[in-house]
Chemist: 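Input: one structure, supplied below.
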Amino acid sequence: SVSLWNFISESEYELSDILKRKRKGQDRNWTLLKRDAGGSIDNMGPLHNEIIRRGQALAHVDDPLRLSVYRKLLNGTLGSWSELSVEHQRLATMLLFVVRPHEVTYTSPEQAIEILEAEPAACAEFLEVLEVAESRIEHLAKPMEGRLKNEVILTHARYTREEIVVGMRYAGFKPKPSPVSMQQGVFHAVDASTDVLLVTLKKNEKNYSPTTMYRDAIISPSILHWESQSTTSIDSRTGRRYVNHNEKGSEVVIFVRETENGEFGGAAPYLCLGTADFVSAQGSRPIEIDWKLRTPIPADIVARMTLQ
């Protein structure tokens, strides 16, 4: 039967035409389209209608190792959890939380994998979405500069919020906090000694309160202007860590997206800009900081994201 990638390549359709959720009526997805056209589909598991919606959250995956681990987990060839490397466990955990149906609470990696394995039709669709994602890769992802060079998160790759909080070792399966509860735009990943900043450049006033309408902007390929949370003072523990992170041996990693919502209408993924160094600060509550990125942003991304 025709693959999703072939269908998109040979038609006028975009991926978002096929995977976008409808506000009213039935959701759209590739499995449904194939079934309605008389094609054969895999078994729909007990949570099919909930989990199939998560396919759009895989359309941004753009680095070879993540694609490889996600595929192995989805096609059942990853092997036993206890025998995986720490890096492969972390990548697999990223996928499990990305595709987690809303009403499901994970108790262990093994239970989460069992839930996924009971959904052959959804796994088949996710594999097809990853094939399309791979065909859309625009930039070569590279290891982060400095002490974080061996982390699974890569500079100039794109990630959902769930992937970021798991990949930066902040959240995951118990005893770590659940990735689901993580909504703020900054967090301190103690295990990685890293402050992680999630930046949305063009904010919609409807979705942000006056205290969260931070003025963030890409100034040049290497400089990002950023405002801290409105409650953070320059002499607070967090403020001092931002300013003195090099002396304290901690890192700062910045993720950026243009707008809150992406091509499918839901939350847009973030681009990892990698590690950054403090340049200057002014003010307090919020603190305005200029960060120098260790890896410059590709020119086409600067052009797209620089505020006019």
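Note that this is a predicted model, so its numbers are computed, not measured. In what follows, residues are counted from 1 in the order of the sequence shown. Both backbone and side-chain heavy atoms feed into the values below; hydrogens, waters and symmetry mates do not.
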Chemist: Taking all non-hydrogen atoms of both residues, which atom of Lys176 and which atom of Arg169 are closest, and how far apart?
Modeler: NZ-O, 3.0 Å

Chemist: If you look at every heavy atom in Arg147 and Ser193, which pair is closest and at what distance?
Modeler: NH2-O, 3.2 Å

Chemist: Would you compute the distance between atom CZ of Arg285 and atom OG1 of Thr231 and round it to the nearest 0.5 angstrom?
Modeler: 7.5 Å

Chemist: Could you check whether any side-chain heavy atom of Leu95 comes within less than 4.5 Å of a side-chain heavy atom of Leu74, counting everything from C-beta outward?
Modeler: yes

Chemist: For Ile153 and Met168, work out which heavy atoms get closest and say how close.
Modeler: CG1-SD, 3.9 Å

Chemist: Val186 versus Gln229: any side-chain heavy-atom pair under 4.5 Å?
Modeler: yes

Chemist: Going from CG on Leu4 to CG on Leu33, what distance comes out if it is rounded to the nearest 0.5 angstrom?
Modeler: 9.0 Å

Chemist: Look up atom CG in Asp42 and atom SG in Cys123, then write down how far apart they are to the nearest 0.5 Å.
Modeler: 9.0 Å

Chemist: May I ask whether Tyr159 and Leu140 are part of the same hydrophobic cluster, defined by side-chain heavy atoms of I, L, V, M, F, W, Y residues being less than 4.5 angstrom apart, directly or through others?
Modeler: no

Chemist: Atom OG in Ser280, atom NZ in Lys292: separation rounded to 0.5 Å?
Modeler: 13.0 Å

Chemist: Report the distance from atom CG of Asp216 to atom NZ of Lys202, rounding to the nearest 0.5 Å.
Modeler: 13.5 Å

Chemist: Has His245 got a side-chain atom pairing as donor or acceptor with Glu251's backbone, closer than 3.5 angstrom?
Modeler: no

Chemist: Examine distances only and state if a side-chain atom of Arg240 and a backbone atom of Asp235 form a donor-acceptor pair shorter than 3.5 Å.
Modeler: yes

Chemist: Going by an N to O cut-off under 4.0 Å, is there a salt bridge joining Arg158 and Glu263?
Modeler: no

Chemist: Just wondering, do Ile8 and Glu128 contact through their side chains at under 4.5 Å, heavy atoms?
Modeler: no

Chemist: Apply side chain to side chain contact (heavy atoms under 4.5 Å, CB included) to residues Arg100 and Val180 and explain how you reach the verdict.
Modeler: CA-CA 10 Å; Arg100 181 194 67 88; Val180 184; 3.4 Å; yes

Chemist: With ring pair (Phe, Tyr, Trp, His ring centres under 6.0 Å) as the rule and sequence neighbours excluded, what pairs involving residues 73-109 come up?
Modeler: Phe97-Tyr106, Phe97-Phe173, Tyr106-Phe173

Chemist: Would you mind reporting whether Leu47 and Glu119 have side-chain heavy atoms less than 4.5 Å apart?
Modeler: yes

Chemist: Can you tell me if Glu14 has over 12 outside heavy atoms packed within less than 6.0 Å of its CD?
Modeler: no

Chemist: Linking Ile, Leu, Val, Met, Phe, Trp and Tyr by side-chain heavy atoms under 4.5 Å, what else ends up with Met44?
Modeler: Ile41

Chemist: Under 3.5 Å, is there a donor on one side chain and an acceptor on the other for Thr160 and Glu162?
Modeler: yes

Chemist: Given side chains that start at C-beta, do those of Asp195 and Tyr242 come closer than 4.5 Å, heavy atoms only?
Modeler: yes

Chemist: Give a yes or no on whether Ile52 and Tyr70 share a hydrophobic cluster (residues Ile, Leu, Val, Met, Phe, Trp, Tyr; joining criterion: side-chain heavy atoms under 4.5 Å apart).
Modeler: no

Chemist: Is the shortest heavy-atom distance from the side chain of His156 to the side chain of Pro298 under 4.5 Å?
Modeler: yes

Chemist: Has the side chain of Glu110 got a donor or acceptor atom that lies under 3.5 Å from a matching backbone atom of Ser80?
Modeler: no

Chemist: Just checking, is any N or O donor in the side chain of Thr31 or Glu125 under 3.5 Å from an acceptor N or O on the other one?
Modeler: yes

Chemist: With sequence neighbours excluded, give me every ring pair (Phe, Tyr, Trp, His ring centres under 6.0 Å) pair touching residues 251-275.
Modeler: none

Chemist: How would you list, by chain and number, every residue that makes a ring pair (Phe, Tyr, Trp, His ring centres under 6.0 Å) with Phe187, sequence neighbours excluded?
Modeler: Tyr170

Chemist: Going from CG on Asn29 to CD1 on Ile18, what distance comes out if it is rounded to the nearest 0.5 angstrom?
Modeler: 10.0 Å

Chemist: Which atoms form the tightest heavy-atom contact between Pro179 and Val165, and what is the distance?
Modeler: CB-CG2, 3.6 Å

Chemist: Do Val252 and Ile289 touch side chain to side chain, with heavy atoms closer than 4.5 Å?
Modeler: no

Chemist: Looking at Leu293, Leu271, Thr275, which hits side-chain contact (heavy atoms from CB on, under 4.5 Å) with Ile254?
Modeler: Leu293

Chemist: Backbone N or O of Ala59 within a donor-acceptor pair of the Arg136 side chain at under 3.5 Å?
Modeler: yes

Chemist: Would Arg294 and Asp277 count as a salt bridge (charged side-chain N to carboxylate O under 4.0 Å, His left out) here? Give the steps.
Modeler: CA-CA 7 Å; Arg294 294 179 190 165; Asp277 294 302; 2.8 Å; yes

Chemist: Hydrophobic cluster mates of Ile223, side-chain heavy atoms under 4.5 angstrom, ILVMFWY only, any path?
Modeler: Ile219, Val279

Chemist: With a 4.5 Å heavy-atom cut-off, do Glu50 and Val104 have their side chains touching?
Modeler: no

Chemist: For Val190, what are the other residues in its hydrophobic cluster, where any two members join if their side-chain heavy atoms are less than 4.5 angstrom apart?
Modeler: none

Chemist: Indicate the atoms forming the closest heavy-atom contact of Ser233 with Ser284, along with that distance.
Modeler: CA-OG, 3.1 Å

Chemist: Identify the two heavy atoms, one from Arg90 and one from Gly167, that lie closest to each other, and give their separation to 0.1 Å.
Modeler: CD-O, 3.6 Å

